[in-house]
Structures are given as structure tokens and as C-alpha cells.
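Within every chain, numbering begins at 1; the chains are lettered A, B, ... in the order of the sequence lines, protein sequences first and strands thereafter.
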Amino acid sequence: MTDQDLRSLPAPNMDASIADRIRLRAREELRKPTRVDTWFSRFERGYGRIEPLAALIVAVLHLRWALNTIS
Amino acid sequence: MSEPSDAELVARLRTGDAVAFDLAYARYHRRIYAFLMRMLLRREIAEDLLQETWIRFARGALDLRDDARLGAWLFRVARNLALSRERRRSIEEDAEAWLTALGFDAPATPLDGAMAADLRRGIELALAALPPRDRELILLVAVDGLEPKEVAEVLALRPEAVRKRLERAREKMHVLLGQVMK
């Protein structure tokens with residue numbers, strides 16, 4: 001038995017009407033983004049960009065605090 | 001016009017694009033169904049879980065990450081649903097119903113050599129007899145041809161762990177195939 005044998009296993013048949021019913025049922029759950037979604041998405045992207053900078057600032061502040069404590 | 005890539009579909013799905021949803025469905029539903037059928041060995045449960053997978057996908061479409069891999073996302077959800085419904089079965093318990101569900105009761109076509117049909121039948125039975133954790137690996141890697149990175153994402157494992165588990169699963173599969181083909 002090779003991977004070729006496994007890859008060439010025929011896919012189980014699925015009734016086209018059932019496949020279509022599932023597609024339509026699931027598609028009902030799809031929704032358009034609201035203004036809140038759009039705003040949140042922008043916030044997430046913006047946060048993704050500033051996150052490394054914020055982490056660096058926090059690290060520098062910690063270092064300063066540690067050095068002050070030692071001296 | 002060329003088919004949109006998965007990344008393009010993800011970008012469109014994040015805007016709630018129904019056409020992109022249909023394209024994603026057309027691209028993946030048969031593969032997910034085949035995976036679920038072979039994981040669960042029951043047509044009606046596979047259909048239920050296929051629907052549940054796509055409902056979750058539709059509900060989560062707006063939250064897909066830009067770099068989300070569609071296949072890995074769908075297989076991960078389907079796999080988690082399947083594992084929560086899985087119960088172990090012996091080859092004997094389900095063999096006939098399973099082969100019938102797969103269409104092995106249909107007469108072989110002239111192109112379908114007897115040896116090839118026997119081997120396919122044996123592979124399906126050996127797959128069905130594998131423990132679910134091994135079966136999912138063989139299905140994702142060997143049957144469906146997912147990239148190792150994607151498989152690691154689906155199973156939430158490190159690539160190295162996937163490789164080790166896959167080796168063991170292949171060994172078990174060979175032993176089982178030997179038993180089935182005797």
C-alpha cells in the first residue's frame with residue numbers, strides 16, 4: 001500500500017440535493033459586517049501594529065525601574 | 001476567469017460575501033465530507049457534522065484572520081466535531097454497512113480491476129479499524145494530501161509530533177491491512 005493508493009481512494013458519494021441543502025442552511029448564518037465589526041476590525045489591525053512598540057516601551061520602563069532599584 | 005485563491009476568498013468572506021462562501025463550499029465540502037465519513041463511518045452523522053462545520057464557518061467568517069488557511073480551519077472544526085462523536089467500532093461490527101455506504105456493493109466497472117478493487121476495499125476496512133487518532137492522521141496526510149504545516153494546525157500539534165505520530169499510524173495501518181487482506 002502506497003500513498004498513491006490512499007490518495008486515489010474514491011471520495012464517498014454525496015447526494016447533490018443534501019449538499020445543496022447544507023450549503024443554503026449554512027449560508028443563512030453568514031452576515032454582513034456591522035459598523036461595530038468594521039470598527040473592531042480596524043482596532044485589531046491597528047493594535048497589531050502598535051503591540052510590538054507597546055511591548056518595547058514596557059520593557060524599557062521595567063529596565064529603568066530595575067536599574068533605579070539596584071543603584 | 002481564474003478561480004480566486006483561498007486568501008482572496010478569506011478577504012471576501014470577512015465582508016460577508018455570499019458568493020465567496022459558495023466558492024469555498026464548492027472547493028471544500030466534498031473533502032470535508034469524505035474525511036467525516038471515514039472518521040465516523042456513518043453517513044447520517046457525517047452529514048450532520050458537515051452541516052455543523054459549515055454553519056460554524058459561516059458564523060465565524062467575519063472573524064477569520066487575514067492569514068487563515070481555509071482548509072486547515074475547516075478540517076480542524078470537522079475533526080473536533082468528529083472526535084466528540086466518535087466511538088470505537090470493531091471491523092466486524094460495521095464492515096458491511098460501511099462498505100455499502102462507500103458504494104462497494106456496486107458492481108465493479110471494467111476499468112476497475114479485481115485486484116485494485118480488493119486493495120481499495122482492504123484499505124477502507126483497515127482505515128476503519130484504526131484508532132481515531134491514527135485514522136485522522138492517515139486521512140489528512142495521505143488521503144487528503146494536506147501540507148504538514150496545515151496538519152499540525154488542524155491537530156494543534158508541533159510538526160515533529162505529527163511526524164512521529166504519523167510513523168506509528170502508518171505502521172498500524174500496514175499491520176491492519178495485512179490482516180484484512182489475508
Side-chain angles (χ1 to χ4, degrees), chain A residues 1-70, chain B residues 13-18 20-22 24-26 29-31 33-38 43-44 46-48 50-63 65-66 98 101-104 106 112 116 119-120 122-124 126-127 138-139 141-145 170 173-174 177-178 181:
Chain A
M1 177 195 64
T2 63
D3 273 11
Q4 187 56 43
D5 295 324
L6 286 163
R7 198 71 52 86
S8 58
L9 286 176
N13 282 331
M14 187 177 192
D15 189 315
S17 65
I18 292 173
D20 216 38
R21 187 187 41 122
I22 290 173
R23 177 181 63 82
L24 293 172
R25 169 67 191 90
R27 208 172 62 167
E28 286 171 12
E29 302 291 333
L30 204 60
R31 62 187 182 91
K32 288 283 178 191
T34 60
R35 288 176 70 153
V36 173
D37 290 319
T38 310
W39 180 87
F40 188 72
S41 167
R42 275 193 205 133
F43 171 79
E44 268 190 324
R45 276 189 209 139
Y47 184 73
R49 282 192 206 108
I50 64 165
E51 200 181 11
L53 184 62
L56 183 66
I57 291 168
V58 170
V60 169
L61 289 175
H62 266 90
L63 189 63
R64 268 190 64 185
W65 174 81
L67 289 173
N68 284 342
T69 310
I70 292 166
Chain B
L13 282 159
R14 284 165 55 95
T15 66
D17 184 337
F21 180 84
D22 286 350
Y25 188 81
H29 84 272
R30 282 188 198 85
R31 289 171 62 186
Y33 178 66
F35 173 75
L36 286 170
M37 273 285 275
R38 292 191 170 107
R43 183 178 292 277
E44 60 277 24
E47 286 168 1
D48 280 353
L50 180 73
Q51 175 162 301
E52 184 59 29
T53 301
W54 285 95
I55 284 176
R56 290 187 186 199
F57 179 68
R59 286 182 185 154
L62 295 186
D63 301 322
R65 291 166 44 137
D66 288 333
W98 172 232
L102 282 174
F104 275 97
D112 196 10
L119 179 62
R120 284 216 321 257
I123 290 174
E124 292 287 4
L127 268 175
I138 299 283
L139 289 176
V141 176
V143 179
D144 218 273
R170 281 187 196 279
M173 178 82 186
H174 275 285
L177 187 62
M181 300 290 282

Side-chain donor-acceptor pair present, B/Thr15, B/Asp17, cut-off under 3.5 Å: no

Residues B/Arg120, B/Glu124; criterion salt bridge (Lys or Arg N to Asp or Glu O under 4.0 Å); working and verdict: CA-CA 6 Å; B/Arg120 284 216 321 257; B/Glu124 292 287 4; over 6 Å; no

Winner by heavy-atom pair count (cut-off under 4.5 Å) against chain A, out of B/Phe57, B/Tyr25, B/Phe21: B/Tyr25

Residue B/Leu139 versus chain A: region with a heavy atom under 4.5 Å: neither

When A/Arg21, A/Arg25, A/Lys32, A/Arg27 are compared by non-hydrogen pairs under 4.5 Å with chain B, the top option: A/Arg27

Contact summary for A/Arg7 and B/Ala142, nearest pair of heavy atoms: NE-O, 2.6 Å

Interchain contact, B/Arg31 with chain A, by part (heavy-atom threshold 4.5 Å): neither

Closest-packed option against chain A by number of heavy-atom pairs under 4.5 Å, given B/Ala46, B/Ala18, B/Ala61, B/Ala26: B/Ala18

Minimum heavy-atom distance between B/Glu47 and A/Ile18, given as atom pair plus value: OE2-CD1, 3.6 Å

Contact summary for A/Pro10 and B/Arg38, nearest pair of heavy atoms: O-NH2, 2.8 Å

Engaged part of B/Arg30 at the chain A interface, taking heavy atoms whose separation is under 4.5 Å: neither

